[in-house]
Structures are given as structure tokens and as C-alpha cells.
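Here is the structure we will look at, set down as C-alpha cells.
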Amino acid sequence: MSITKPSLTVLAWGAAALTTLAAVMIFALAPEDADQGFSQKIFYVHVPIALTAYACFGLGAWKAYRLLATRGERYDLESYTGVHLGTIFGVLTLVTGAIWAKASWGVWWTWSSNQLVLFLVLFLFYCAYFMLRFSVEPGARRERISAVYALFGVALIPVSFFAIRLANDFIHPTVFTREGPQMTGEMFAAFCVSWASITLLAYVMYRVELAGKRIDANLRDLREALQP
Amino acid sequence: MSSGEKYVAAAYGVFVVVVLVWVAILATKLARLERETGELARLARARPAGEQADG
Amino acid sequence: MGEALLIRAAGLEKRFGSRSVFRPLSFDVSARGALVVTGPNGSGKTTLLRMLVGLAAPTRGTLDVALDRGRIGYVGHEPILYRELTALENLDLFGRLYRVPERRERIGMLLERFGLWEARAERVGTYSRGMTQRLALCRALLHEPDLLVLDEPHSALDDDGATLLDAELVSLAGSSALVVATHEPARLEALATQRLVLERA
Amino acid sequence: MTAYLADVAALARKDLKLELRARDTLPAMLLFVLSTLVVFHFALPADAGEDAAYGLLWVALVFTALLGLARAWVAEREAGALDGLVLAPSDRSAIWLGKSLATLAFLVAAELVALPAFVVFFAPLDASALVGVVLASIGICAVGSLVSAMAAAARGREVLLPLLFLPLAIPLVVGGVGASISPDPGTYLVFLGLYDAVFAILSWAAFEYVVTE
């Protein structure tokens, strides 16, 4: 691993510390929301996870671009890991979003919540990324095709967001509207710390998973070299 | 627990569970890697000295 | 030092997943050279040739070919033609893509020379393997390439097809570079300026 | 530039010639879109509103397009013809543009049958709906040609193509349906135009990386 990157242990401890701080602020410091009550606390985990998912998809796309621009072989694993983590956080967003919808509106799913629907579309899109990746022979061709698809994903995010907002104008008159909750100072502070901790956690997971995949690749080379 | 608290617990619970599952998957991968590096180390030691030169 | 170098390869490697196809290769081919590549099946001859024409990228090492794509002719294992199009239609399409001047005359002359004139309006799908191989040679020679890369060109040809090809190679040797992968190196003995023997990695 | 367009024209003409000779894609698309519309008639409850019919028109169009896209690169995969196009000196994006235009021609031909049939079977189509169909068809063929080229390099490509294509087609369906039923179709048509611009340029730039190493 290039030395310029902060060491993994420092990051891991940082993530652990930040997460505990966030938990304390969310449940002890931040006051309960006026109308939603205690269930509003889901906001502090749901929204940061969604933002982290976007960040992971963006990282995956950036690494894919680097692969295409510089033919650097190492970017393929990085792009793959980024998209993989993005998908995990995407699923988490869907699940926590559904729980929040149940808590505040009594329904597990609502088509009028633009963000939820967007993550459903992205989930379908990025599952197809893995289907594509596992059905092409390993090699330069697979790396480039996966990279192109990852780049399309990032273009799809804003386009789908507008499509869904446009769709909501005629599929369902918006029954459940929820503009961003009005946040007091402590709430916003708790949100920021929670966001930072989840982002850092995601980066640590990214670095750990990437290291695992790199060791796998090196082992294959080693085995080939040592095989009689 | 009121229904609100149940849902909050569920949301945070899911988050923690998913992270733990991810850790578990990494752990199994680590175990596999450990076993494989062991095998490779034996293979490397078992090779006759001569052949090691051209590696 | 001989003429300018057309192809320079140093430490060339190609890896599929974890399996590398051949040991690192280094060789040069001059503008009028003729490289004959031999080696058992699976030793990577086809992979090497596909790298030379730009259809495959080396995993490691450097390869530069001082020619742009339009100046290279290639005959591979696959005929690289449309089975549902006729010989004329195939050569017309590739002639346009390669911007061949006086396309019709050039196509007529090549089909005549390779004995395909009578079958010019029939779909390539109806051709025998030998006729398809001859048409593939026409396609590769259509734009008078400066570098001709042939992957076991004699394999599907009958006797007069093979002698036809040998005559063609002799006339080309003077004006352009050749790289030929073959199991019959004897046929190209006179032409060869360099030889490369591949073994399985 | 004219040489580039000449290459694109030659490639598109080749696809039309292949189709006229083999006649295996277009007739299938025409019959498929008609039979899908008939099936939808029975699928819709008697009192279903017109909006549902428009929605189903777009489902029929998308899956008809998928039929055409599944066959898009079959001729190139036979006998390594795609290598011939990749080896040619012309810019590789011309291969994509030629294929997109040919696929668009087949899709429009299928729509020339599907739209009148829809009007007869279900509900009228106004000008904005027709413009929506045209704009969406462009987007479908631009993205579809690229995505089917990706699937062509994979095992199990018939199954893979719809999975790769449908998420990307969702915005087109939204735009198309919106243009048909919304009182203010303008925003939907603008949205479709934006989609076409963004994804056509992206496909145009990315195609080279899908067919080369």
C-alpha cells in the first residue's frame, strides 16, 4: 500500500471513536423531533448511509475512469470494491428507509419518497454490474467493460433522480411529503458526526476489502509461479 | 418499548448486523488466505534448491 | 544498423487471469523484415499476433508498432468476414473502411488472382474453408498493407492455394514486413529474416 | 468528418442489407409488438383508465427494442467480423453509431406498426406522445447498442442484456409515459432530449473501450 495513505489502524480506531461519539450525540444530546418523536432518530443513520452509498458509487466510477484513462491494472479492483461497498450501503439505505417509512407513515414502501425509489433503481442497476462482471472472462476486456458500466452508473444517478421526481407528478399525487426535517443545532451536530463516522467506516471497509482482494490476486500469481 | 423505539432499534440493529456480517465474510476470507499462504509456504520450501534460481 | 525498425517488443507478456501464455518475449522486426513464429499449439502464437495488430494488449512489457491500423493486414484463425454477405459485399465494405483507392478494380483483380471471381456473388457462408481462407487473404491484401500478419495461413489451403500464397508472399517480401505464425516453417525458409520459437509457459 | 459519416453509413447499410437478406429480426419485432399489445388488452381490466394503456405501450416498445438489441451484434460475432471492424482505421465509435442507426431503423419500423395498432386498440396518441416515442427510441438505440455490445462479450448474453438495459431504460419510460399523458408534456420531452444527449455522448465515447483491450 503506498505510504502516503493514512495507515489502516489509525483509520479504524478513528472510525470506532467517531461512531461511539455519534451514538452518544444522537441518543443523549440531540432532542427528540417535535412531531415525529423518537422514530426520527432513524434519520441520523439512514441519510448518512445514503450519502455514503453515493460516495462509494462515485469512488467506483472515479477508479473506473482512471482505469480507462491510464490502463492502470490496480484500478479495476479498486473500482470493483467501491461499487461493491456502494451496493451494500445502497441495500442498507433501502432497509433503513423502509423502516423509517413504516415508523412515520405506517407503510413499508412508498413510491412518493424520491430517494427510496432512486435507491431501488440503483440497486437493480448495480446488481447487473456484478452479473456482467461474473459472466465475462477475467482479463483486460472484463476490466474495461466493468469500468464503462460503473461510469454509466454515476451518470444514471442524477438522471434517475429527475425521472423519479417527474414520475411522481403523474403516478401518485404526492400524499406523503417530507421536506428536510427542521434541525436544531444539536441535531445538526449529531447528524454531521454520524455522517463523518459512517463515511470513515465505509472507507476503512473499502481499504480492508481491497487489501483482501489484492492478497487474493497476489496469491494466485504466487501459486502459479510455485506450481511445479 | 413504544413502536417508535422498536423501529429505531430495528434500523440501528440492521446497520450493525450488516457490518458484522461483512466482518464475518472478511474473517472467512482471511482464514482461507491463511490456509493458502501456508500451503504455498510449504510448496516453496519443498522445491529443490536448484530450481529456485530461475524462480 | 539495418533499416528502420517497424516493430519493437521488450519483455512482452500476456496473462489470462493468473495463467501467463508465454515467457517474456523481446524481438524487433525491420520495415522489410520477415518474422516466422513457430511453436506447439497453445504456445501463444495467436495471442502474440493479435497483440501485434492491436486486437490484444500486453499485460506486461512494451510493444510499439510504428504503423497505424490502416497500414496493417491480418489473417487470423477466424475469417473476419460476414458470412451472410457475398465476397463482393465483404470486400466492398472493408474497402470503404480502409479507404482503398479504385476499390472496384482492386477487388476484381484480387478475386481473380485468388480464383474467387466466379463465386464473387455468393454468400461467404456457402464457401468451403479453403475458399474462405483465400477471401480472408484478399481482405488482408486489399489495402496494400505495409505489415502483413498471418496466423497459420496455409492451414486450410489446397496445393495450388498454398503455392498462390507463397508467390504472393515472395512478391510482398520486397515491399512490406511480414509476420507469419506457421507449423510449416520450411515453406517460408527462403523469406525468413528472423525466427521466433515460442514454448508453453 | 465526411469520411467518418461515410463509414457510419457503410456500416448501417451493411446491417440493413443483412436484415433484408436474412429477415430474422424485423418481422419478429413487428409480430412481437402486435401480440404484446393484444395480450395487454386481455391483461387490462375492462374499466382500466387510458393512462394504464399508455404505460403498457411503453412496456411493449421497450421489450420490442430488447428483441432487436439481442440480435444487434450477432452478425459481428459470427466469423470474427467485429475484429475486422475494430482493425479498420476508422474511429471505433463509427461502429457504434452505425449499429445504433440500423437498430433505430428497425425500432421505428416496428413503431410504425405498433402506434396505429395502439390507437385502434386502446387510446389516441397526440403529437407530444409521438415526439416522445421518437426521442425515447433514439435513447433506447444509443444506450442499447452499447449495452448489447457489452453483453456480447459475456457468457449468457441473452439473459444479461435485459438486466443491463432495463435500469437504464427506466428514465426513458418515465419520459415517454409522461409525454403521453401529462397535461404539460413539454418538461418530459425536454427531459428525454437531455437523456439522449447525455447517454448518446457517453456511449459514443465509451464504445471504444468495450470492443478493444
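Proteins come first, then strands; the chains are lettered A, B, ... in the order of their sequence lines, and each starts at number 1.
Atoms CD and OH, on A:Glu143 and D:Tyr209 in that order, are 14.5 Å from each other to the nearest 0.5 Å. Between the CE atom in D:Met150 and the CZ atom in A:Arg141 there is a gap of 11.0 Å [rounded to 0.5 Å]. The distance from atom CG of D:Leu164 to atom CG of A:Leu132, rounded to the nearest 0.5 Å, is 5.0 Å. Atom CG in D:Leu146 sits 4.5 Å away from atom CZ in A:Phe152 (nearest 0.5 Å).
Of the two parts of D:Leu172, neither the backbone nor the side chain holds a non-hydrogen atom closer than 4.5 Å to a non-hydrogen atom of chain A. Contacts of D:Phe191 with chain A are made by side-chain atoms alone, with heavy-atom separations under 4.5 Å and no backbone atom involved. For D:Ile170, the part lying under 4.5 angstrom from a heavy atom of chain A is the side chain only. A:Tyr149 touches chain D through backbone and side chain together, each having a heavy atom under 4.5 Å away. Neither the backbone nor the side chain of A:Arg142 comes within contact range of chain D, judged by heavy atoms closer than 4.5 Å.
The nearest pair of heavy atoms linking D:Ala206 to A:Val148 is CB-CG1, 3.6 Å. The minimum heavy-atom distance linking A:Ser160 with D:Pro171 is given by the pair OG-CG, 4.1 Å. Counting all heavy atoms, side chain and backbone alike, D:Tyr195 lies closest to A:Val159 at CD1-CG1, 3.5 Å.
More than 12 heavy-atom neighbours from other residues, nucleotides or ligands sit within 6.0 angstrom of CH2 on D:Trp58. Within a 6.0 Å sphere centred on CZ of D:Phe32, heavy atoms belonging to other residues, nucleotides or ligands number more than 12. Few gaps surround OH on A:Tyr54; more than 12 heavy atoms of other groups in view lie less than 6.0 Å from it. Other residues, nucleotides and ligands contribute over 12 non-hydrogen atoms within 6.0 Å of the CZ atom of A:Phe130.
No donor-acceptor pair under 3.5 Å is formed between the side chain of D:Arg155 and the backbone N or O of A:Val136.
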Query raised in the report: Run the side chain to side chain contact (heavy atoms under 4.5 Å, CB included) check on A:Leu156 and D:Leu168 step by step: do they pass?
Result: CA-CA 7 Å; A:Leu156 186 65; D:Leu168 288 161; 4.0 Å; yes
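When each of D:Val147, D:Leu160, D:Val143, D:Leu166 is checked for heavy-atom pairs under 4.5 Å with chain A, D:Leu160 comes out on top. With respect to chain D, the highest number of heavy-atom pairs below 4.5 Å among A:Ala140, A:Ser135, A:Ala147 belongs to A:Ser135.
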